[in-house]
Amino acid sequence: MTYDFDAPVNRLGTDCEKWDDTEDMFGKAGLLPFWVADMDFKAAPEILDALHKRADEGVFGYHKFTERAREAAANWQRTRHGWDVSAKDVGGFTPGVIIGLISAVLEFTEPGDEIIIQTPVYPQFFNIVKLNNRIVAENHLIETEDGWRIDFEGFEKLITRQGSKVKMLIMCSPHNPVARVWRKDELLRLAEICARRGIIVLSDDIHQDIVYSDAKHMPIGSVAPEIEPFLVTFVAPSKTFNMAGLYASAWIARDAKMRSRMRKASKALHAHSVSAVGMVGLETAYEKCAPWCDQLVTYLEKSRAFVENFLKERTPRIKLRHPEGTYVFWLDFRDYGLGNKELQRVLVEDAGVALNAGINFGAEGDGFARLNIGCPKSQLEEGLTRIESAFTKR
Ligand SMILES: Cc1ncc(COP(=O)(O)O)c(C=O)c1O
């Protein structure tokens with residue numbers, strides 16, 4: 001079956017955040033939204049059918065965790081990502097990845113402990129740490145001619161410096177917003193340091209399935225089994241299948257002790273249940289929708305080429321390091337010398353587009369903005385053309 005990703009989907013007036021909150025968030029009506037990380041594509045017909053069938057049952061009581069869901073999630077990791085996990089390693093399900101991460105932060109660290117995040121990074125990572133009275137230890141990614149890299153020396157220094165209270169790393173793999181897919185040697189090196197120092201690793205693999213043909217996602221546990229006693233990995237069909245609003249995610253821990261601590265932690269927050277429709281969506285996505293995912297990635301890869309060519313030919317002052325995965329691209333406007341406020345003003349007022357302000361991803365995001373390419377090509381083209389007309393005047 002061939003799926004149509006070019007079909008426009010009208011989300012305005014559906015109470016979705018990306019379209020219906022844009023005016024409130026950016027202060028202007030009529031903006032074309034490229035911010036919130038969901039996509040302007042309908043979910044796979046297989047998922048829609050399953051949800052229709054579930055709705056036709058007419059009762060929405062509590063749903064149990066099915067062995068089927070565990071097996072589907074494990075099988076997805078085995079077949080798509082070459083990670084040898086079994087259904088029992090899928091330790092639990094949570095309503096979204098973030099609440100799973102919070103459970104782990106509360107279980108494995110104490111107030112006042114430091115947690116490393118590698119910035120610029122998804123803004124919730126700051127909140128997860130700070131709002132739970134832990135301390136952010138920022139390890140800044142390094143920009144090189146070959147793209148964004150992990151600062152391993154900086155990483156080790158944070159852990160070994162005098163008075164260090166680093167207990168945990170929250171990884172983003174692949175990395176939102178720089179769109180890096182971490183290579184095996186990078187994962188091995190991180191795992192080696194963390195295992196040696198007993199640092200707990202939370203690997204947020206929510207973007208794991210949107211990876212382009214010149215990269216390969218590897219869950220850190222699949223390349224470095226020695227990290228397993230310290231590792232919890234968070235996965236979800238939410239980004240891949242555009243079903244984030246169904247709030248259905250899973251966490252994986254191959255180590256029995258880690259599993260039992262995580263179970264306790266998510267129970268303590270009552271974060272160990274998923275809605276009935278979420279479970280049906282998760283099972284269906286992982287069991288039946290691999291072809292949809294393949295076609296989506298092919299479509300997005302063409303969009304990536306389109307964005308890269310567009311920028312190179314028409315707005316060469318806007319830079320983009322080659323994205324290897326995710327549908328969120330980290331546009332570099334620094335050549336224009338605008339501060340964050342002015343950059344946002346030009347994007348909103350002059351271009352009429354809504355992109356996430358780079359500064360929200362860490363201080364080094366000043367001069368950047370995050371573009372979500374998860375939409376029909378015509379919409380992306382319209383957005384880039386608007387950006388071009390606003391910035392070529394400068
Ligand atoms: C890296 C990362 N983690 C987590 C989330 C959100 O997770 P959830 O909505 O499942 O809690 C996002 C959403 O953009 C993300 O980019």
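FYI, side chains are in, hydrogens and waters are out, and symmetry mates aren't considered; it's all heavy atoms of this structure.
Side-chain N/O atoms of His217 and Asp209 include no donor and acceptor closer than 3.5 Å. For the 3.5 Å distance criterion, the side chains of Arg149 and Thr144 fail to qualify, holding no donor opposite an acceptor. Between Asn360 and Arg370, the side chains place no donor N or O within less than 3.5 Å of an acceptor N or O (distance only, hydrogens not considered).
Note that the CG atom of Asn372 and the CD atom of Gln379 stand 9.0 Å from one another [nearest 0.5 Å]. Atom NZ of Lys302 and atom CG of Leu300 lie 11.0 Å apart (nearest 0.5 Å).
Aromatic ring centres of Phe41 and Tyr299: separated by under 6.0 Å. Residues Phe391 and Phe333 place their aromatic rings such that the two centres sit under 6.0 Å apart.
Leu347 and Phe26 are assigned to two separate hydrophobic clusters, defined by single-linkage of ILVMFWY side chains at heavy-atom distances under 4.5 Å.
The pair Arg183-Asp185 meets the salt-bridge criterion, with a side-chain N (NZ, NE, NH1 or NH2) lying under 4.0 Å from an Asp/Glu carboxylate O. A salt bridge links Arg54 to Glu57: at least one charged side-chain nitrogen sits closer than 4.0 Å to a carboxylate oxygen. With respect to the salt-bridge test (charged N to carboxylate O, under 4.0 angstrom), the residues Asp89 and Arg259 qualify. Salt-bridge formation is detected for the pair Glu71/Arg78: a Lys NZ or Arg NE/NH1/NH2 atom is positioned less than 4.0 Å from an Asp or Glu carboxylate oxygen. Contact check on Glu156 versus Arg189 returns no salt bridge, with no Lys/Arg side-chain nitrogen under 4.0 Å from an Asp/Glu carboxylate oxygen. The residues Lys157 and Glu153 are annotated as not salt-bridged, no charged nitrogen and carboxylate oxygen being separated by less than 4.0 angstrom. In this structure, Arg334 pairs ionically with Glu143, as a charged nitrogen and a carboxylate oxygen lie closer than 4.0 Å.
Other residues, nucleotides and ligands contribute at most 12 non-hydrogen atoms within 6.0 Å of the NZ atom of Lys53. Around atom NZ of Lys393, more than 12 heavy atoms belonging to other residues, nucleotides or ligands sit under 6.0 Å away. Heavy atoms of other residues, nucleotides or ligands lying less than 6.0 angstrom from NZ of Lys42 number 12 at most.
Tested against Met258 for a side chain to side chain contact (heavy atoms under 4.5 Å, CB included), the candidates Leu231, Ile252, Ile200 yield a single pass: Ile200.
With Tyr336 as the aromatic partner, Arg394 does not meet the cation-pi criteria of under 6.0 angstrom to the ring centre and within 45 degrees of the ring axis.
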